[in-house]
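Comments concern the structure below.
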Amino acid sequence: MEMQKKDNDTKNEVAGIFKNLTQLESLKKVGVEFRDIHDLEKDTLLVEKLSQMVERKELSAKQTLELYWDKFHSIDSERSQEQWLKQIYHFCQFLSFPNTRPECKDISLAESKWIYLFLFTYRQIVHLQEKNSIYPFVSQYPLVFLSKKEIDLLEQPQEYQHFLSAFDQLFVYEMMALSREIYHYNTIDHVCGVHSVALSLARQIKKQGISLDLGIVSGSSAGHDIGKYGCRVNEIKRVPYLHYYYTDLWFKRQNIAYIGHIAVNHSVWDLELENLSLESLILIYSDFRVKNIPDLEKMNIYSLHDAFEIILKKLDYLDEKKEKRYRRVFSKLKDFEDFCVEHGVNVNLVPFAEKKYRPVKKQHYLPLLFGDEVVQKIKHL
């Protein structure tokens, strides 16, 4: 009975993949016809490979490439599977950053067609990776954008919708997932964690009647590190510094001004400015707390204090003057966290629990405040 249920689940998953592919209107725009999908669905060997992938939970880019290997091999028989995967990743980079991978400009129509088909299929496989906890952190903190209801309530929904469209059409998430599988960079984990923390805070703050734009929070936290994929090969060692420039380039190229402005200026040093928007504070705070566990390259969401200690040890050219600067900007993050807590925000909620959580603002009677309590109240105002 259990075996039969497992077989049915596998068949449903495989059928769902083909159904999703045939419903994609964007296929024709990239040279893939619906009949190509139907031909694949009739390919018994391919369907069998896909079924085994799903059943055995061998959900990877390499296994996805195996589905179409005869097509890719016929285009260039001298390239290995590893080389083809890197070529597909470079093609994703080219879509977002044409000047970073100019060599991809001249690929053939046949090659681009099967790369796109791979990417559309891989998109389904990445979804199954999350569903089956292949990568536990991303499964715990998935990149789930605003609901339709939340988007409809935005004052300016057009820019956020434009961001979602660009993020989707340029295969940004698939590019991040490929980078994790090929080069073992877990930037995708970081982005998912930052987006989850940021939206959790923003939704709770908004429930308290404080004005902020959920679209800017979601878009900026999802796109704040996209510039890391625009750095050239000879710039790899300088990614922590250059990715701000390339992130700015991506948002300007997509004509996404407001979300882009917040996304680009997410360094802790931006806290040295006297006034920042609430959306900026949320992004900088969330980015600060989501870091790799030292020496393990495993993502984690730290408390503000623990994140401070980790980053302090990683700062370049640290001297007494720079440490004082760092402690000063950290104090602003601590002020922001205290502000959130005073308004009843739980800064440690698991994803999406904030939808049920009802923040309750702490009541203070001003005539009864003393010393530091008065200072804190003035800060929060």
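Just the heavy atoms: all of them, side chains too, but no hydrogens, waters or symmetry mates, feed the values below.
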Does atom [atom1] of [X] have more than 12 heavy-atom neighbours from other groups under 6.0 Å away?
X	atom1	value
E155	CD	no
Y245	OH	no
H261	NE2	no
F336	CZ	yes
L296	CG	yes
H90	NE2	yes

Quick one: does any side-chain atom of [X] pair with a main-chain N or O of [Y] as donor and acceptor, under 3.5 Å?
X	Y	value
S286	L283	no
E279	D213	yes
S77	S74	no
Q204	N346	yes
H195	V191	no
E150	S147	yes
Q83	S80	yes
R123	D168	yes
Q129	I134	no
Y326	F308	yes

Would you confirm whether the ring centroid of [Y] sits within less than 6.0 angstrom of the ring centroid of [X]?
X	Y	answer
Y229	Y246	no
F339	H343	yes
Y302	F288	no

Could you tell me if the side chain of [Y] sits less than 4.5 Å from the side chain of [X], heavy atoms only?
X	Y	answer
K113	V30	no
F137	N186	no
L349	V197	no
E66	K49	yes
I188	L143	no
K62	E82	no
Q52	T10	no
Y160	I216	no

Only one of F171, F18, W114, Y68 clears ring pair (Phe, Tyr, Trp, His ring centres under 6.0 Å) with F120; which? F171
Output, in order, the C-alpha distance, side-chain angles, deciding distance and verdict of salt bridge (Lys or Arg N to Asp or Glu O under 4.0 Å) for D39 and R35. CA-CA 6 Å; D39 289 343; R35 66 170 178 269; 5.7 Å; no
Show your working on side-chain contact (heavy atoms from CB on, under 4.5 Å) between L65 and I88 and close with a plain yes or no. CA-CA 10 Å; L65 181 66; I88 294 169; 4.2 Å; yes
For residues [X] and [Y], report the shortest heavy-atom separation together with the two atoms involved.
X	Y	answer
E181	Y122	OE2-OH, 2.7 Å
K332	L273	NZ-O, 3.1 Å
L67	L50	CD2-N, 3.6 Å
A61	L85	O-CD2, 3.8 Å
D270	H266	OD2-N, 3.4 Å
C92	L119	SG-CD2, 3.6 Å

Would you say S51 and E55 are linked by a side-chain donor-acceptor pair, where the criterion is simply a distance under 3.5 Å? no
Single-linkage hydrophobic cluster [X]~[Y], side-chain heavy atoms < 4.5 angstrom:
X	Y	answer
L117	I125	yes
M176	Y116	yes
I17	V126	yes
I310	I301	no
Y244	F163	no

Is any side-chain N of the basic residue among [X] and [Y] closer than 4.0 Å to the acidic one's carboxylate O?
X	Y	answer
D306	R289	no
R79	D76	yes
E103	R101	yes
K313	E309	no
E272	R328	no

As a test of understanding, state which of K228, K291, H224 forms a side-chain hydrogen bond (donor to acceptor under 3.5 Å, both in side chains) with H190. H224
Approximate separation, where rounding is to 0.5 Å, of [X] [atom1] and [Y] [atom2]:
X	Y	atom1	atom2	value
T44	E48	OG1	CD	8.5 Å
I226	Y173	CD1	OH	13.5 Å
S218	L164	OG	CG	6.5 Å
L242	T247	CG	OG1	10.5 Å
K148	Q161	NZ	CD	9.0 Å
S96	L249	OG	CG	10.5 Å

Does the side-chain contact (heavy atoms from CB on, under 4.5 Å) test come out yes or no for L199 and L146, once each step is laid out? CA-CA 9 Å; L199 269 189; L146 300 182; 3.8 Å; yes
From CA spacing to verdict: side-chain contact (heavy atoms from CB on, under 4.5 Å), I115, I107: CA-CA 10 Å; I115 287 177; I107 66 172; 4.2 Å; yes
Run the numbers on L170 and Q254 for side-chain contact (heavy atoms from CB on, under 4.5 Å), then give the verdict. CA-CA 10 Å; L170 299 177; Q254 308 310 320; 3.4 Å; yes
Examine R180 relative to Y135 and say whether NZ or CZ is less than 6.0 Å from the centre of the six-membered ring and inside a 45° cone about the ring axis. yes
